[in-house]
Amino acid sequence: MARIDTPTRVETLKEATRVAENITRLTPYRPGKPVAEVERELGITGIIKLASNENSLGPSPKAVAAIHNYASKMHVYPDASSFELRNSLSAHLNVASDTIVLGNGSDDIIHLLGVTFLEPGDEVIQGYPSFVRYESAAILNNAPCHLVPLTSDWVHDLDAMAERLNSHTRMVFITNPNNPTGTIVSQEALERFIAKVPERALIIIDEAYYEYAAPSPDYSDALRYVREGENVVVLRTFSKIYGLAGLRVGYGVMRSDIADSLHQTREPFNLNLMAQLSAVAALADQEHVTKTVEMNEAGKADFYRAFEEMGLDYTPTYGNFVWFDTRKNSAAVFQALLREGVITRTGDVFGAPTYLRVTVGTQSENTKFLNALRKTLSSS
Ligand SMILES: Cc1ncc(COP(=O)(O)O)c(C=O)c1O
């Protein structure tokens, strides 16, 4: 017999599924559109994705071989301590292995930092526009997140961020190079800023694009602050230059007492077996990294030249993506580029409605993008 719900029962059910107020304020992450989705929607093939700052050269062949070699071992749980990968990173970075915490992407470390350290009443500070996951970590943990606009050159305004510091500040995020703008802060500016941050706050320096910026003499050394015992966490990832975005491997380097706290929070097996094995192999293949940096430098030069020819303002980048002003509605330019088979990122999600962010790809991808852009801008 069908049960007739009384109003009281309906109210009780609603009450039981009421979402916490802070969760209602979370905006779901909008990833770059996957190629298969765009091909399905538009009924075309041969689409290229220059939307998520992945490595167009793909992963190191050595990382692929590691997975082939161990595929038959996937019935075994991974090493919960990621011993080998932490040791490889420790040697590579010249830091103690107990200062490294691995995560299911550096997203995972951002999440862990929030869950572990933020309490109601704490405040978070970040630059804007920048990577969106910091604010999500703050909201998730009921901490207000102050978005401090970048300077007019799209650089983190560390003086303005310092003005927002107070006794409630618990976390400050500095994205270096910044996503989506590709800009960096200088070592002196970083130094001055760190000196002003209260002792109860963590400074998180997100270096997801570190390997692209590292060859530049004006790029700062953030690991130095970890070695000196500061409240600094440096985030890096295997998703970008190492080409392992699909496997999800990121890490943070921090004082071992901070690392211990994150280990208390993290899932025991937050780094899967294939991720651990392929990251060890990828790290050992620095030739692949060098090759990627060379491809990126050549691609950047092609982009700059073309933007100058088209009379478009762009921001010189320290990453593998370029932030430029289309001078049109970038959502419309984005759609037109999609129809030409190129996926990019619109600036509207970053509060800059005429800007686009495009990943530097292989030479043929870059040419396809530039031809599509010329066509789009001349016809709109
Ligand atoms: C600045 C920045 N930080 C962190 C991430 C997250 O990377 P992961 O794939 O390691 O989670 C990204 C990815 O786009 C990023 O741009």
Side-chain angles (χ1 to χ4, degrees), residues 28-34 49-56 58-59 63 82 85 89 100-114 124 126-138 145 147 150 154-156 171-185 203-214 219-220 222 233-253 262 266-267 270-272 274-276 278-279 282-283 296 315 317-323 343-347 349-350 357-360:
Y29 183 65
R30 271 170 57 187
K33 264 179 169 299
K49 183 177 171 212
L50 298 176
S52 301
N53 306 337
E54 294 146 336
N55 183 345
S56 284
S82 300
L85 180 54
L89 279 168
I100 299 167
V101 179
L102 286 150
N104 186 37
S106 48
D107 275 347
D108 190 23
I109 310 286
I110 295 166
H111 176 80
L112 288 175
L113 284 164
V124 176
Q126 65 156 97
Y128 182 81
S130 187
F131 190 51
V132 294
R133 300 298 298 161
Y134 319 134
E135 191 182 8
S136 305
C145 185
L147 306 180
L150 305 185
W154 300 107
V155 177
H156 269 67
M171 251 175 224
V172 184
F173 285 92
I174 300 169
T175 321
N176 199 39
N178 187 43
N179 175 8
T181 59
T183 47
I184 59 168
V185 292
I203 302 157
I204 295 129
I205 305 179
D206 186 342
E207 297 190 333
Y209 303 94
Y210 168 82
E211 295 80 3
Y212 289 107
Y219 187 55
S220 51
V233 175
V234 175
L235 299 182
R236 300 224 183 129
T237 182
F238 282 84
S239 296
K240 303 302 175 184
I241 210 160
Y242 288 104
L244 303 185
L247 280 173
R248 317 300 300 124
V249 192
Y251 60 97
V253 189
L262 292 193
R266 77 173 172 86
E267 302 269 344
N270 64 337
L271 206 65
N272 72 70
M274 298 306 153
Q276 293 186 28
S278 61
L283 191 65
N296 192 55
T315 309
T317 184
Y318 288 81
N320 66 333
F321 50 90
V322 185
W323 177 242
I343 315 174
T344 55
R345 256 312 163 89
T346 51
V349 289
F350 300 109
R357 189 196 71 193
V358 60
T359 304
V360 180

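Since we're looking at a predicted model, the values are computed, not measured. Note that ligands are numbered from 1 as they come in the structure, with each ligand's atoms numbered from 1 the same way.
By the 3.5 Å distance cut-off applied to N or O atoms, Y134 is not counted among the residues near ligand 1.
Of all protein heavy atoms, the one lying nearest to atom 9 (O) of ligand 1 is S239 OG, 2.6 Å. Counting protein heavy atoms only, atom 3 (N) of ligand 1 is closest to D206 OD2, 2.6 Å. The protein non-hydrogen atom at the shortest distance from atom 11 (O) of ligand 1 is R248 NH2, 2.8 Å. Ranking protein heavy atoms by distance to atom 13 (C) of ligand 1, first place goes to K240 NZ, 3.2 Å.
When the heavy atoms of S106, G250, S130 are ranked by distance to atom 6 (C) of ligand 1, first place goes to S106.
Across all non-hydrogen atoms, the minimal contact from A51 to T344 is CB-O, 3.5 Å.
Side-chain atoms of R357 and N179 form a donor-acceptor pair, as typed in the model, at a separation below 3.5 Å. In this structure, a donor-acceptor pair under 3.5 Å is present between the side chains of T175 and Y134.
The backbone N or O of V155 lies less than 3.5 Å from no partner atom in the side chain of N178, so there is not a single donor-acceptor pair. The closest donor-acceptor contact from the side chain of E207 to the backbone of V234 lies at 3.5 Å or more, if one exists at all.
Contacts between D107 and ligand 1 below 4.0 angstrom, taking non-hydrogen atoms only, involve backbone and side chain alike. Under 4.0 angstrom from ligand 1, the non-hydrogen atoms of Y209 all belong to its side chain.
If you number the atoms of ligand 1 from 1 as listed, the ones under 4.0 Å from a heavy atom of T237 come out as 8 (P), 10 (O). Those atoms of ligand 1 with a heavy atom of T175 less than 4.0 angstrom away are 1 (C).
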Trace of the side chain to side chain contact (heavy atoms under 4.5 Å, CB included) decision for E135 with L147: CA-CA 8 Å; E135 191 182 8; L147 306 180; 4.1 Å; yes
Verdict with reasoning, V172 to Q126, per side chain to side chain contact (heavy atoms under 4.5 Å, CB included): CA-CA 6 Å; V172 184; Q126 65 156 97; over 6 Å; no
